[in-house]
Structure formats: structure tokens, C-alpha cells
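Below: one structure, written as C-alpha cells.
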Amino acid sequence: MYSVQLLLRVAKTISVASIALMSLLVVFGNITDYFTNFLIAEHVLKMDTTFPESHIHYRSINSTFLFHVGYILIIVMEAMMAFCSIKGSWLLFKNLRSNAALFHASKNWAVAGIIIGIVIWFLGFEVVGGEWFAMWQSRIWNGLASAERIVSFLVLILILLHLKEDEELNNTL
């Protein structure tokens, strides 16, 4: 059986590769089916499905240009996340059996990808969309549950990546 240390390196690599695949699929979906998720961005910014008696509708934005700018910014950030995560998972895979210092040093692109993801789904969706634009008040255009699921996974993988490597790798039975 392989050592726990090697298996944990494999888990880190697979986790980052999974983040890369997820972000790549999100970018692909948002580009090839642009207007489906664009509608979410539009309605969240318009705040047209939040509680009618709410006193925060002054925060709403009603500019088609700004809807597109915001949505394109999200897609660009998702593409950056995909790139960093793909490069990060490749570097982890390439250095899977390297010494501890080299494997640990190869985590930088993966960590960058995860940070971008946290900016998108925590800062963008949970903080700005959820709190400033009150997305939580909408029964129709509410992406908070999905954002929370993604952020939870990203933070767990960030913690996993943070674990230092032992120098010894025992790859034999």
C-alpha cells in the first residue's frame, strides 16, 4: 500500500483538479448559454424580486450595460480561476513524488485559483449579491445555496492544501 503522505498528495491533486473542472464547466456554461445565468445577475442587481416592503431598493441598478459588465466580469474571473486551478493541479501532479519542499511550493497556482473562487462566490455572491442586493429575499433568483456549497468546498480544499508535507514518501508495499 502507498504511504498516507503520498495518498494525501494525491487527494490534494485530485481536489484541485476537481476545482479546475468545475470552474471550466461553469465558464463553458456561462459562455455557451450566456443569457440563462445573465438573467440571475440582472434580477439580483434590479432587486425586482426582493420583498416589496423592503427599504433598501435604493441599492438597485437598472442599467443593461452594467448587467453585462458585471456578468462578463464574473465570467472572466471564473476563467482566471479555471486557468490557475488547471495549472495548479498540473504542477501538483508533476511534483507528486518530489521532495516535500518542491511539492509544497507547487501549490501556489492552486491556492491562487481557490482565492479567486472565494472572491467570486463569497465576496461576489454571498456578500455583494446576498447582502447588498438582498438576494436572500428572492425566492426565484437566489443563488446563495449554490454559492455556500462552492465556498465550503473551496475553503476545505484550501485547508487541505495548507497542510505541510512530510519529507519521507514510502511508495512500496
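Keep in mind the model is a prediction, meaning the values are calculated, not measured.
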Exercise. Tell me, do L7 and M1 make a side-chain contact under 4.5 Å, heavy atoms counted?
Worked result: yes
For this session: Examine L102 and L163 and state if one hydrophobic cluster contains both, with Ile, Leu, Val, Met, Phe, Trp and Tyr joined whenever side-chain heavy atoms are less than 4.5 Å apart.
Result: no
For this session: For the pair F83 and W109, name the ring-plane relationship: parallel under 30°, tilted 30 to 60°, perpendicular over 60°.
Result: perpendicular
Problem set entry | Ring geometry between W132 and Y58 (parallel below 30°, tilted from 30 to 60°, perpendicular above 60°) | perpendicular
For this session: Answer yes or no: are there more than 12 heavy-atom neighbours, outside F93 itself, under 6.0 Å from its atom CZ?
Result: no
For this session: Give the cluster check for I72 versus F38: same hydrophobic cluster or not, with ILVMFWY residues linked at side-chain heavy-atom distances below 4.5 Å.
Result: yes
Exercise. Going through the distances and angles, do L161 and V16 end up as a side chain to side chain contact (heavy atoms under 4.5 Å, CB included)?
Worked result: CA-CA 9 Å; L161 284 176; V16 175; 3.9 Å; yes
For this session: To the nearest 0.5 angstrom, please state how far the CG atom of L25 sits from the CG atom of N30.
Result: 11.0 Å
Seminar exercise, completed: Closest heavy-atom pair, G124 versus V128, reported as atoms and distance to 0.1 Å, is O-CB, 3.4 Å
Seminar exercise, completed: Value for OG1 (T49) from CD (Q137), rounded to nearest 0.5 Å, stands at 9.0 Å
Exercise. Is there side-chain contact between M22 and F153, with at least one heavy-atom pair below 4.5 Å?
Worked result: no
Exercise. Quick check: are there more than 12 heavy atoms from other residues, nucleotides or ligands sitting under 6.0 Å from CZ of F125?
Worked result: yes
For this session: Go through the steps for L123 and I118 under the test side chain to side chain contact (heavy atoms under 4.5 Å, CB included), then give the verdict.
Result: CA-CA 7 Å; L123 179 61; I118 290 170; over 6 Å; no
Exercise. In terms of ring plane angle, is the pair H43 and W141 parallel, tilted or perpendicular, where the classes change at 30° and 60°?
Worked result: parallel
Exercise. Between the main-chain N or O of I86 and the side-chain N or O of S89, is there a donor-acceptor pair closer than 3.5 Å?
Worked result: yes
Exercise. What about W90 and I116, same hydrophobic cluster or not, with Ile/Leu/Val/Met/Phe/Trp/Tyr joined at side-chain heavy-atom distances under 4.5 Å?
Worked result: no
Exercise. V119 and M77: which non-hydrogen atoms are nearest, and at how many Å?
Worked result: CG1-CE, 3.3 Å
For this session: Identify whether V127 and V155 are in the same connected component of the hydrophobic contact network (ILVMFWY, side-chain heavy atoms under 4.5 Å).
Result: yes
Exercise. Should I75 and E78 count as side-chain neighbours, where that means a heavy-atom distance under 4.5 Å?
Worked result: yes
Problem set entry | Residue H162 excluded, over 12 heavy atoms near NE2 under 6.0 Å | no
For this session: Give a yes or no on this: more than 12 heavy atoms of other residues, nucleotides or ligands lie within 6.0 Å of atom CZ of F51.
Result: yes
Exercise. So, S60 side chain and H57 main chain: donor-acceptor pair closer than 3.5 Å or not?
Worked result: yes
For this session: Ignoring hydrogens and angles, tell me if any N or O in the side chain of K87 forms a donor-acceptor pair with the backbone of G113 under 3.5 Å.
Result: no
Exercise. Are R9 and L92 close enough that some pair of their side-chain heavy atoms sits under 4.5 Å apart?
Worked result: no
For this session: State the OH-CG distance between Y34 and L39, to the nearest 0.5 angstrom.
Result: 10.5 Å
For this session: Would you give the length of the straight line joining atom CD1 of I19 to atom CE of M81, rounded to the nearest 0.5 angstrom?
Result: 6.0 Å
Problem set entry | Reported CG-to-CZ distance for the pair L21 and F28, which is rounded to 0.5 angstrom | 12.0 Å
Exercise. What is the minimum heavy-atom distance between K164 and Q5, and which atoms define it?
Worked result: O-NE2, 4.3 Å
For this session: Please report the closest heavy-atom contact between S106 and N95, naming both atoms and the distance.
Result: CB-ND2, 3.4 Å
Problem set entry | Working for side chain to side chain contact (heavy atoms under 4.5 Å, CB included), residues I14 and V10 | CA-CA 6 Å; I14 290 171; V10 169; 3.6 Å; yes
Problem set entry | Gap separating the OG1 atom of T13 from the NZ atom of K107, nearest 0.5 angstrom | 9.5 Å
Exercise. Can you name the nearest heavy-atom pair linking V44 to M135, along with the distance?
Worked result: CG2-SD, 3.7 Å
For this session: Answer yes if L91 and L6 sit in the same cluster of Ile, Leu, Val, Met, Phe, Trp and Tyr residues linked by side chain heavy atoms under 4.5 Å apart, and no otherwise.
Result: no
Seminar exercise, completed: Nearest heavy-atom contact between L154 and I114 is O-CG2, 3.6 Å
Exercise. V27 versus I31: any side-chain heavy-atom pair under 4.5 Å?
Worked result: yes
